[in-house]
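Each chain gets a letter, A, B and so on, in the order its sequence line appears, and its residues count up from 1. For the numbers below, each heavy atom of this structure counts, side chains included, while hydrogens, waters and symmetry mates do not.
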Protein chains: 2
Amino acid sequence: MTDRLSDLLTRTARLIAGDGYWAGLKPAQWQALRYLAAANRFSRTPGALTAWLGQTKGTVSQTVAALERKGLVERSEDRDDRRLVRLALTPAGRARLAEAPETVADAMTAGLTGDERAAIEPLLARMLTEHLAQRGYRPFGLCAECRHFIRDAADGAPHRCGLLALPLSAEDAGAICIEQEAA
Amino acid sequence: MTDRLSDLLTRTARLIAGDGYWAGLKPAQWQALRYLAAANRFSRTPGALTAWLGQTKGTVSQTVAALERKGLVERSEDRDDRRLVRLALTPAGRARLAEAPETVADAMTAGLTGDERAAIEPLLARMLTEHLAQRGYRPFGLCAECRHFIRDAADGAPHRCGLLALPLSAEDAGAICIEQEAA
DNA sequence: TCGCAATGGTAGCGACTCGATACAAATCAT
DNA sequence: ATGATTTGTATCGAGTCGCTACCATTGCGA
């Protein structure tokens with residue numbers, strides 16, 4: 001009747017997802033903050049955040065509003081597509097993030113050996129991506145591991161995005177991108 | 001800066017923990033319902049539920065109140081210790097549970113092979129128990145896998161609990177117990 | 001056996017979550 | 001042009017969840 005593994009996963013999930021009541025922020029707000037710090041400029045929009053957090057647009061809109069109220073996130077318009085809202089951390093947001101204590105997820109995984117981490121990571125990755133695919137969500141991923149990533153484009157910028165036809169800095173390459181498709 | 005594995009774990013955790021908006025219940029309520037269905041009679045109290053869910057007493061008190069309002073859970077007193085509140089599913093609660101669709105956690109783990117499940121389970125179990133120990137919480141566990149479990153006590157009841165000095169039915173042996181200590 | 005800490009639980013508050021519905025604006029496809 | 005799609009916001013209601021108080025009951029030590 002009850003599946004042992006799925007029970008284990010569910011309890012662990014509660015602990016991790018409920019983690020993050022520090023410095024006046026809530027778990028979802030910390031996760032949004034962390035995402036915005038790690039995502040490239042194309043992926044810092046309420047829509048991308050919605051897909052990343054797996055929530056609805058309305059919820060994310062409120063989370064973003066709360067972060068803006070606290071002065072941790074800034075909103076700006078996109079010249080090309082005026083429906084879009086560009087999000088960015090403020091210096092205060094970056095500072096808050098730097099002060100954050102270790103997360104439960106970090107503490108939990110820190111107790112694993114290198115071999116164990118290597119064993120568990122691909123399994124978890126598969127579970128996540130398969131589930132996201134089933135729900136029609138994008139999996140996200142690192143810019144540099146994308147099939148549209150052109151290393152050393154040698155036309156001024158270090159690299160280049162073949163999909164959006166835009167130059168990429170070295171920093172961009174290490175960021176999370178919503179358009180990413182595994183190479 | 002960002003740890004890949006812990007990121008993966010956090011996203012997966014959000015999806016799993018946020019899963020369960022069916023039939024007028026919320027995720028936490030479903031988990032409480034599932035726990036109460038799987039726990040033995042010593043472990044069906046608000047306090048045990050608090051430890052299992054990893055929340056605070058107040059939160060759990062409200063979740064239980066919501067389930068009682070919906071007629072899915074029943075409260076009763078304990079004769080021996082009148083501070084305690086015993087919880088039990090009502091027939092309606094059991095029926096609601098039977099109607100529940102597959103959880104995200106079940107769907108995710110269903111995609112794994114037997115070997116993969118065998119590989120991931122002990123790791124997850126260790127991550128969870130180590131973390132619970134750190135917070136001073138009990139790990140819980142199956143009655144039959146407890147060091148206080150006396151199989152085939154042969155004094156009327158099938159088995160026996162050495163800690164509480166009580167007879168155990170075959171059904172009890174397969175239930176979750178808050179007092180459990182690994183054999 | 002008295003007093004007092006520990007235990008188990010509830011009450012109420014405030015900020016937030018989160019799905020749902022409705023809506024507005026910009027953009028895209030035909 | 002014009003209707004569908006995309007992107008985001010507004011509002012609502014139920015619930016989550018940590019927090020501080022608070023109340024019984026129980027257990028323990030002097």
Side-chain angles (χ1 to χ4, degrees), chain A residues 13-33 42-70 72-73 75-87 135-136 138 178-179, chain B residues 13-15 17-33 42-70 72-73 75-87 135-138 178-179:
Chain A
R14 278 207 78 76
L15 289 173
I16 293 177
D19 173 48
Y21 287 87
W22 312 303
L25 297 193
K26 301 294 163 74
Q29 298 174 357
W30 278 110
Q31 251 192 293
L33 219 52
F42 319 122
S43 311
R44 289 194 302 258
T45 67
L49 193 50
T50 297
W52 177 264
L53 296 177
Q55 300 171 336
T56 58
K57 295 188 297 178
T59 300
V60 168
S61 184
Q62 282 182 292
T63 299
V64 169
L67 290 174
E68 204 186 5
R69 239 183 358 258
K70 293 168 204 266
L72 305 177
V73 160
R75 217 183 274 267
S76 62
E77 289 171 13
D78 187 298
R79 291 259 174 256
D80 296 331
D81 187 337
R82 295 180 49 208
R83 293 171 304 182
L84 294 185
V85 170
R86 295 287 168 196
L87 302 173
R135 305 229 303 209
R138 292 175 167 284
I178 190 177
E179 305 288 0
Chain B
R14 276 207 80 74
L15 289 174
D19 173 47
Y21 287 88
W22 311 303
L25 297 192
K26 302 291 167 73
Q29 300 175 354
W30 278 110
Q31 248 191 296
L33 219 53
F42 320 122
S43 310
R44 290 195 302 258
T45 67
L49 193 51
T50 298
W52 177 264
L53 296 176
Q55 299 172 336
T56 59
K57 297 189 294 178
T59 300
V60 169
S61 184
Q62 283 184 293
T63 298
V64 169
L67 289 175
E68 205 187 4
R69 241 187 353 262
K70 292 168 205 264
L72 306 176
V73 160
R75 217 183 275 265
S76 61
E77 290 171 14
D78 186 299
R79 291 258 173 255
D80 297 330
D81 187 339
R82 294 178 49 207
R83 293 171 303 182
L84 294 184
V85 169
R86 296 286 169 197
L87 302 173
R135 305 229 304 208
Y137 279 145
R138 292 174 168 285
I178 190 177
E179 305 288 358

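- The bend of the helix from C:dT1-D:dA30 to C:dT30-D:dA1, defined by the angle between the axes of its first five and last five pairs, stands at 30° to the nearest 10°.
- Of the side-chain N and O atoms in A:Arg69, none sit less than 4.0 angstrom from OP1 or OP2 of C:dA15.
- With rounding to the nearest 0.5 Å, the separation of CD1 in A:Ile16 from CD in A:Gln31 is 10.0 Å.
- Each of A:Pro46 and B:Gln55 has a nearest nucleotide on DNA chain D; the 5'-most of these lies closest to A:Pro46.
- No hydrogens or angles were tested; on distance alone, nothing pairs the side chain of A:Gln62 with the base of C:dC16 as donor and acceptor under 3.5 Å.
- Straight-line distance from the CD atom of B:Glu68 to the P atom of C:dT10: 9 Å, rounded to whole Å.
- Looking at every heavy atom in both residues, B:Pro27 comes nearest to B:Ala17 through CB-O, 3.4 Å.
- Across B:Gln29 and B:Ala66, no two heavy atoms sit closer than the pair NE2-CB, 3.6 Å.
- Rounded to a whole Å, the CZ atom of B:Arg44 is 18 Å from the C1' atom of C:dG9.
- Residues B:Leu72 and B:Leu25 have side chains in contact (heavy-atom distance under 4.5 Å, counting atoms from C-beta outward).
- To the nearest 0.5 Å, atom CH2 of residue B:Trp30 and atom OG1 of residue B:Thr63 are 14.5 Å apart.
- At whole-Å resolution of the value, CH2 in B:Trp22 and P in D:dG15 are 17 Å apart.
- When all heavy atoms of B:Ala48 and B:Ser43 are compared, the closest pair comes out as CB-O, 3.1 Å.
- B:Arg75 has its CZ atom 10 Å from the P atom of C:dG9, to the nearest Å.
- Following rounding to the nearest Å, B:Leu33 (CG) and D:dG15 (P) show an atom-to-atom distance of 14 Å.
- OP1 or OP2 of C:dT10 sits under 4.0 Å from a side-chain N or O of B:Ser61.
- Distance B:Tyr21 OH to D:dG13 P: 18 Å, rounded to the nearest Å.
- The phosphate of D:dG18 has OP1 or OP2 within less than 4.0 Å of a side-chain N or O from B:Thr59.
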Run the side-chain contact (heavy atoms from CB on, under 4.5 Å) test on B:Val85 and B:Glu77 for me, step by step, so that the C-alpha distance in whole Å, both residues' side-chain angles and the decisive distance to 0.1 Å come before the verdict. CA-CA 5 Å; B:Val85 169; B:Glu77 290 171 14; over 6 Å; no
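- Separation of atoms NZ (B:Lys57) and CG (B:Leu49) is listed at 14.0 Å; rounding is to 0.5 Å.
- Of the residues in residues 23-31 of chain B, those lying under 4.0 Å from DNA chain D by heavy-atom distance are B:Lys26, B:Ala28, B:Gln29.
- The distance from the CG atom of A:Asp78 to the CZ atom of A:Phe42 is 10.5 Å, given to the nearest 0.5 Å.
- We find that CG of B:Asp19 is positioned 19 Å from P of C:dT17, with the value rounded to whole Å.
- Residues A:Leu87 and A:Arg75 have side chains in contact (heavy-atom distance under 4.5 Å, counting atoms from C-beta outward).
- The residue among B:Arg14 and B:Thr45 whose nearest nucleotide of DNA chain C lies closer to the 5′ end is B:Thr45.
- To the nearest 0.5 angstrom, B:Asp19 atom CG is 13.0 Å from B:Arg14 atom CZ.
- Candidate nucleotides C:dT10, D:dT16, C:dT17 were compared by shortest atom distance to the side chain of A:Thr63, and C:dT17 ranks first.
- For D:dT7, neither phosphate oxygen OP1 nor OP2 lies less than 4.0 angstrom from any side-chain nitrogen or oxygen of A:Arg86.
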Between protein and nucleotides 26-30 of chain C, what N or O pairs are separated by less than 3.5 Å?
unit_1	atom_1	unit_2	atom_2	d
C:dT27	OP1	A:Asp80	O	3.4
C:dT27	OP1	A:Arg82	N	2.9

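- Regarding contacts with the backbone of C:dG8, every side-chain N or O of B:Thr50 stays at 4.0 angstrom or more from both OP1 and OP2.
- As a whole-Å value, the separation of B:Leu84 CG from D:dT25 C1' is 10 Å.
- In this model, the phosphate group of C:dA15 is not approached by any side-chain N or O of A:Lys70 to a distance below 4.0 Å at OP1 or OP2.
- Taking the side chain as every heavy atom from C-beta outward, B:Thr50 and B:Thr59 never approach each other to under 4.5 Å.
- Going from atom CD of A:Gln62 over to atom CZ of A:Arg69 covers 9.0 Å, rounded to the nearest 0.5 Å.
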